[in-house]
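Heads up, the thing below is written out as structure tokens.
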Amino acid sequence: MSKNPGSLKIQYNGRVNMSLKIQQPENPWSRFTSQLPEAENWRPEQSLSQPEIDEQKALIVQMQQQVQLSNLLNQINNEIRSTLDIEEILTSACRLLGQALQSSRASILVKESSTGKILVTRGEYNAGDYPIQLGMKVPLADNPHLEKVMSLQESLAVTKFLDFPGLNPQTRKIAEALEIKSMLSVATRYQGEVNGIIGLHQCDREREWTHWERQLVEGVASQLAIAINQAKLYRKTRRQAERESLLRLIGNQIRSTLDLETILQTAVREVRQLLQCDRVIIYQFQDNWQGKVVVEDMMVPWPSILGEMGADKCFRGDYADLYQQGRVKAINNIFNSGLEPCHVDFLDSLQVKANLIVPIITSRNEENSMSADGSCNFKFPGRLWGLLIAHECRDTRNWQRQEMELLSQLADQMAIAIQQAELYSKVREAAVKSQAQTQQLQSTLEELRSAQQQLIQTEKMSGLGQMVAGIAHEINNANNFIHANLFHAQEYFKVLNEALEFCGKACPEAAEALVKINEELELDYVREDFGKMLNSMREGSGRIRSIVTTLRSFSRLDEAEFKAVDLHEGLDSSLLMLQNKLKTKIKIEKEYGSLPPVNCHAGQINQVFYNLIDNALDAIDSANKSGEITIRSWQSEPDWVTISVRDTGNGIPAEIQDKIFDPFFTTKPVGKGTGLGLSVCYQVIVQAHGGRIRCVSEVGGGTEFIVELPVTNQKE
């Protein structure tokens, strides 16, 4: 043969009998073989004998097969170089094999581990509408066909597969489901160890596999063995990188956030995807070693068990002690792992066939080590908070040591996150409690300060009331003396007048003297004006008595309890007390309606009226213009009366209207107000009398305070 890869020369007995140009195609390997003559159509030289002709024909067939094999191997090598994804490599190899040998199905089963007893279909080519095998797990146990293939160095060709000796019911059931009639199989070996099996299936008929077809499959097997091994190494490295990445992710989350739910949810999601298992949960213990699933990530169609998943009555305190010591429990098959029947039934009810359990232990010493059986030994066991559990529901599973180590490391990270979250919660609760205590103390201090100021104000008002009452009493006593003697003075005047008239009539000499006295002293004028003076004195005394009555009405010292009173009297007495602040530029309008007697504490209500009218006077005075105060009253409801005090001052800004009833809040200059007037009004009306008080104000439009009181007070 020529060394030139672009040509092919066939020699026989030392001379060139044929020379062919071979072009490297981009696609199907059939383009290679199209450059070679078909053995049946090849016309040999006439000088050749029949044996020589047959030999050359066989040589042509052999060359065609070699080109096919070479092209197929090149294609597979290109796939291996272009990607490390084992699914892509194996799927492409199956397609090339299936098309080359025109089989119904080509599949490649991979042995997941050196000790694994299950092969998983990782690549498949399907030439028709045949059942899909991809992803199917095929057990090695009691499978004579797979055992035979793995024991042979060459391929195994079976024309009638269902008649293969020793097929067990499970294997026969799988073959029937896949509609396999004939099979050509070969084991892939890397350094003498089987790591997979190639299977070519004929489903539409029984087929006799040729020697060349067996050689072709065997040639591909050696290449795929390398690809499978490389992919496994890559996957192992990638898994290790993914594990480290996951640990970094959880560690970063713990450092960056205190949201425990987010950390745990991220952990179970990433663990399930990394382990490719069906469900991962976090189970938190509560009382009596029972609890609930607090976090879960699962794969459809397996049911959710989030929350209360039922009580595992087989879980005892001694199990908890083992987990508290760091025990890691790997159950490859719940039915043959020596579990108690009730525990098997419990797991079976959750559709679990295998699981891996790692404890989450908080508040423990960090000096620990993992023993050969996967359990951890801690100097101080700490508190068993819960369990991190991976579930395999589809089939049994052989849990690997690195998977146990990963879950143990993650459980340690979760324990740190849980401790931080619990510590943060305690600190936050303490902060909230401290803040509440501070606020309560501040509120108490404010209330105390308010109470003190209100007490001072009340004492002032009480002192004023007592002073008013005392002055009223003294004035009333003196006025009573004057008022009582006015009657006697009137009588005495009459007697003296009659005596003068009698003397004038009885004694002429006295009459002349009286005329002279009248001329000098204007006695007639005195006699005429003295009666008018007595009447004026009587009116003045009456006015003094009226003022005293008003003063006593304002102080109400004799009415400490709730009594039915006339509110109009309180309004009038309050106006009288503020007479000194009334100026000519301020006009008072009274629009009193018909009010029933109101059951109230008269002294306190008068204090409210006094404060409201006083504030209205100050509001008009601060506006530096003439103004008007309108005091209205009406019965708003059958059992409620309303008093309104409106001024034409500057008004109150909207942003501070909500604060005007707060203690010590005032808009008056320093020294002009204490900020307690409206606060006292609010307490008297709302708290003491069960009424309502509100403010209606607009800047530039004046202010109106509306007081509503129940006719019959319920706070008596």
Side-chain angles (χ1 to χ4, degrees), residues 112 120 135 137 235 238-286 290-312 315 323 328-332 334 346-362 374 384-400 402-421:
E112 294 296 316
V120 181
K137 295 182 179 180
R235 186 171 59 178
R238 186 179 63 182
R239 287 287 180 88
Q240 181 62 31
E242 289 174 345
R243 286 194 291 267
E244 294 176 357
S245 176
L246 176 56
L247 291 173
R248 285 197 301 272
L249 172 64
I250 303 302
N252 291 337
Q253 279 201 339
I254 292 174
R255 288 189 293 270
S256 63
T257 180
L258 289 171
D259 187 352
L260 181 61
E261 182 178 355
T262 299
I263 296 173
L264 299 183
Q265 190 63 59
T266 301
V268 297
R269 182 181 67 249
E270 297 297 329
V271 166
R272 195 198 62 75
Q273 293 177 357
L274 184 61
L275 297 185
Q276 290 295 299
C277 56
D278 298 318
R279 187 194 294 127
V280 175
I281 66 172
I282 294 178
Y283 184 84
Q284 182 180 0
F285 287 113
Q286 294 174 341
Q290 299 301 321
K292 62 181 180 179
V293 177
V294 293
V295 183
E296 174 191 54
D297 191 78
M298 62 180 183
M299 179 186 294
V300 177
W302 310 112
S304 171
I305 58 174
L306 191 65
E308 301 292 341
M309 65 176 188
D312 183 3
F315 192 90
Y323 283 122
V328 175
K329 182 68 172 179
I331 302 175
N332 299 330
I334 66 169
F346 175 73
L347 293 176
D348 191 35
S349 68
L350 303 179
Q351 300 187 26
V352 176
K353 291 184 171 59
N355 66 356
L356 177 59
I357 307 172
V358 175
I360 301 174
I361 304 172
T362 61
L384 180 59
W385 183 89
L387 301 172
L388 173 60
I389 308 175
H391 286 166
E392 192 72 25
C393 303
R394 192 182 307 273
D395 204 345
T396 59
R397 175 166 179 166
N398 292 322
W399 301 100
Q400 305 300 313
Q402 58 268 27
E403 294 172 337
M404 301 180 196
E405 292 175 349
L406 172 65
L407 257 65
S408 296
Q409 291 172 329
L410 282 174
D412 290 341
Q413 296 274 45
M414 292 179 192
I416 295 173
I418 291 167
Q419 287 180 245
Q420 288 185 351

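None of the values given here were measured: they were computed from a predicted structure. Positions are given from 1 along the sequence.
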Just how far is it from atom [atom1] of [X] to atom [atom2] of [Y], taken to the nearest 0.5 Å?
| X | Y | atom1 | atom2 | result |
| --- | --- | --- | --- | --- |
| T396 | I331 | OG1 | CD1 | 12.5 Å |
| L264 | Q284 | CG | CD | 9.0 Å |
| I360 | W385 | CD1 | CH2 | 5.5 Å |
| R279 | I305 | CZ | CD1 | 4.5 Å |

Find out whether [X] and [Y] are in side-chain contact, i.e. whether some heavy atom of one side chain is under 4.5 Å from a heavy atom of the other.
| X | Y | result |
| --- | --- | --- |
| Y323 | I357 | yes |
| M414 | I263 | no |
| R272 | M299 | yes |
| I282 | E296 | no |
| K292 | Q286 | yes |
| H391 | W302 | no |

Minimum heavy-atom separation for [X] to [Y], with atom names?
| X | Y | value |
| --- | --- | --- |
| L388 | A411 | CD2-N, 4.4 Å |
| V120 | G135 | CG1-O, 4.3 Å |
| I361 | A415 | O-CB, 3.1 Å |

Side chain Q400, main chain N398, donor-acceptor under 3.5 Å:
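Yes.
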Looking at Q419 and I416, would you say the former's side chain and the latter's main chain have a donor-acceptor pair under 3.5 Å?
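Between the backbone of I416 and the side chain of Q419 there is no qualifying donor-acceptor contact (under 3.5 Å).
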Would you mind writing out the side-chain donor-acceptor pairs for residues 347-354 within the sub-3.5 Å range, not counting sequence neighbours?
{"residue": "S349", "atom": "OG", "partner": "F346", "partner atom": "O", "Å": "2.4"}
{"residue": "K353", "atom": "NZ", "partner": "C393", "partner atom": "O", "Å": "3.2"}

A390: what forms a side chain to side chain contact (heavy atoms under 4.5 Å, CB included) with it, not counting sequence neighbours?
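So A390 forms a side chain to side chain contact (heavy atoms under 4.5 Å, CB included) with L275, C277, V280, L356, W399, L407.
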Among V293, N355, V268, L387, whose side chain to side chain contact (heavy atoms under 4.5 Å, CB included) with I281 holds?
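Single pass found, and it is V293.
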So that I can tick it off, tell me whether R397 and E403 are bridged by a salt bridge, with the cut-off set at under 4.0 angstrom between side-chain N and carboxylate O.
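The answer is yes: the pair qualifies as a salt bridge.
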